[in-house]
Protein chains: 2
Amino acid sequence: MLDLGVIDRTDDRPPYRQIAAQLRRHISAGTLAPGEKLPSESELIEHFGVARMTVRQALQELRGEGLVVAEHGKGVFVRSAPPVRRLASDRFARAHRQDGKAAFLVEAEATGRKATVDQISVSTEAAPAEVAERLHLEEGARVVVRSRRYLSAGVPVEIATSYIPESIAAGTAITSTDSGPGGIYARIEEQGHELAHFTEEVTARMPTPEERKALQIGAGVPVMTLIRTAYDTDETPVEVCDTVKVSHAYVLEYDVPAR
Amino acid sequence: MLDLGVIDRTDDRPPYRQIAAQLRRHISAGTLAPGEKLPSESELIEHFGVARMTVRQALQELRGEGLVVAEHGKGVFVRSAPPVRRLASDRFARAHRQDGKAAFLVEAEATGRKATVDQISVSTEAAPAEVAERLHLEEGARVVVRSRRYLSAGVPVEIATSYIPESIAAGTAITSTDSGPGGIYARIEEQGHELAHFTEEVTARMPTPEERKALQIGAGVPVMTLIRTAYDTDETPVEVCDTVKVSHAYVLEYDVPAR
DNA sequence: AAGTGGTCTAGACCACGAG
DNA sequence: TCGTGGTCTAGACCACTTC
């Protein structure tokens, strides 16, 4: 059994922090291995002789640090580190596209992990202000909106939403859930918009509750947002893609010339 | 007064989420401006007719998102965002360096905010494994280590640590706290290493307690780490710079060719 | 059915900040 | 002193998972 110690009422730290510290100690020491189940709330209540809320506060602190995840009806488990995906800056090379591969699958190939996509939805909507600005459209102009979730080895790692001007997407497979070989970039080029370059805007923040749910992460795990704008050879923006990535699942790599 | 609505018992979401959503709505709409005080727990209890724990759970959700900060004895306040710094990928252009400007000051100039540097320290140490690998050095080789903290308009926004091989830095201003006009990159080029390009590796995580202190941020605010490696025209790595940035203070911009 | 975590109530005492 | 948030108790009912 785990050595959890006892509450020291003379300790400066409140009981819930002491309980959290005991559990944290076992996690960092490996006595509680990734994927392993923590003692249940009832067991902790009995062991420490405290009220349920006190135990829950301790567990919540650990959830906030991203150390554990609670599964309703099953228990609280030590978080297992998700796969790290390195995204190099050549991930949109045309060569890959001509092979019939979408960008995410190209990235996945390098890691050797099985990549899947689900929760695909496609609709036509009015462009949000931030999107309209990047696409050089009037606010409220119609855009095709494609949302999907990416998983690596079954673990959700990213949610993404693409916005394509209706003038480009109309009548193509872009408006279908299956965008065809090479993904939507191949379709955009078929419409006569040869892709020249992308800009990416990267920042990080805490996830909203909806994002936490979709990415299956606890509170306390940050996300990176990457807004990519694709330009054709006329410098016309042809797509905006807003992605939310589980931060510790990704390392973004960029190459910057010194000029 | 704020329009907070009422709890809808037929709503799928539990009351605490509905309360959080109401408050979040006012924050994102600006009705609750940065720095402004939220209604007190007592006021929320009375308004919504719920128990205190329910209100606290709602507030805790917002704290977890980094939207608000609680100050004991004073109240709960909308987090005031530090100035956002957009880092464009031309920020290391040689033209700026020849003007005698260091990179951080170039970035700062665009925002019009007053940039300062403090907590500068310089030492010579054995290279940590991750640094040695990037510099193509034996582990334990000697490197000059330069640490400093950057502030924008007096607010700490970034801490950075540079590692330069001793073979390049020895006998130059790189080993002084004042690295001279154009910063250390100018000194490195004077040593015959013309800079060709940089790689940047970006990820995000929660800060350590030390980082929280140095950056003056509360729990619940993530940081971005950016590890930059500088290469000369011979593809020899000449510097590794490890930076930790307050995430919502920065947007990193990159330009990626479609090839 | 039994065990788990999720949510909620209605109190209590404490520590901090401002007047 | 008073209002604020921080911590805690001792219950309750619910939803989910496993058997």
Side-chain angles (χ1 to χ4, degrees), chain A residues 2 6-23 32 35-64 66-79 209-210 212-213 216-220, chain B residues 2 6-23 32 35-64 66-79 218-220:
Chain A
L2 290 175
V6 293
I7 301 290
D8 176 2
R9 295 285 171 178
T10 72
D11 194 316
D12 276 347
R13 299 172 301 173
Y16 84 90
R17 280 191 190 280
Q18 296 183 39
I19 296 172
Q22 288 290 341
L23 294 169
L32 279 168
E36 202 169 337
K37 184 179 170 301
L38 272 63
S40 74
E41 292 180 357
S42 327
E43 289 168 335
L44 293 172
I45 289 166
E46 192 184 3
H47 177 91
F48 289 108
V50 296
R52 188 175 172 212
M53 281 307 299
T54 308
V55 158
R56 282 184 64 77
Q57 214 168 346
L59 292 172
Q60 186 196 326
E61 183 157 291
L62 299 179
R63 264 184 295 151
L67 291 177
V68 303
V69 266
E71 295 185 40
H72 198 166
K74 295 171 71 177
V76 177
F77 300 83
V78 180
R79 177 179 207 87
E210 293 73 32
R212 285 218 304 271
K213 195 178 171 192
Q216 293 176 18
I217 54 180
Chain B
L2 290 175
V6 293
I7 302 289
D8 176 3
R9 296 284 172 178
T10 71
D11 195 316
D12 276 347
R13 298 172 302 173
Y16 84 90
R17 278 191 191 279
Q18 296 183 40
I19 297 172
Q22 288 290 339
L23 293 169
L32 279 168
E36 202 169 339
K37 184 178 170 300
L38 270 64
S40 74
E41 292 180 357
S42 328
E43 289 168 335
L44 293 172
I45 289 165
E46 192 183 2
H47 177 90
F48 289 108
V50 296
R52 188 174 172 212
M53 281 307 299
T54 308
V55 159
R56 282 184 64 77
Q57 214 168 344
L59 292 172
Q60 187 196 331
E61 184 157 292
L62 299 179
R63 265 184 296 151
L67 291 177
V68 303
V69 272
E71 295 185 40
H72 198 166
K74 295 172 70 178
V76 177
F77 299 83
V78 180
R79 183 189 299 287

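Labels below follow one simple rule: chain letters A, B, ... track the order of the sequence lines, proteins then strands, and each chain is numbered from 1.
- Minimum interatomic distance between B/G35 and B/F77 (heavy atoms only, all atoms of both residues): O-CD2, 3.5 Å.
- Residue B/S40 has no polar side-chain atom (N or O) positioned under 4.0 Å from OP1 or OP2 of D/dG3.
- The shortest heavy-atom contact between A/R9 and A/V50 is NH2-CG1, 4.1 Å.
- Between the NZ atom of A/K37 and the C1' atom of D/dT17 there is a distance of 12 Å, given to the nearest Å.
- Bracketed by its first and final contacts, the part of DNA chain C lying under 4.0 Å from non-hydrogen atoms of chain B reaches from C/dT7 to C/dA18 in 5' to 3' order.
- Atom-to-atom, CG of B/L44 to P of D/dG3 comes out at 17 Å; the value is rounded to the nearest Å.
- Taking atom NE2 of A/H72 as the reference point, atom P of D/dA15 lies 9 Å away to the nearest angstrom.
- Residue B/D12 places its CG atom among 12 or fewer non-hydrogen atoms of other residues, nucleotides or ligands, all under 6.0 Å distant.
- Taking atom CZ of B/R17 as the reference point, atom P of D/dA15 lies 16 Å away to the nearest angstrom.
- Between the side chain of A/E61 and the main chain of A/R17, no donor-acceptor pair closer than 3.5 Å is present.
- A straight line from CD of A/Q57 to P of D/dG5 spans 16 Å, rounded to a whole angstrom.
- Between A/P14 and B/E71, the residue whose closest nucleotide on DNA chain D is further toward the 5' end is B/E71.
- Remark: side-chain polar atoms of B/E41 are not paired, donor with acceptor, to backbone N or O of B/V55 under 3.5 angstrom.
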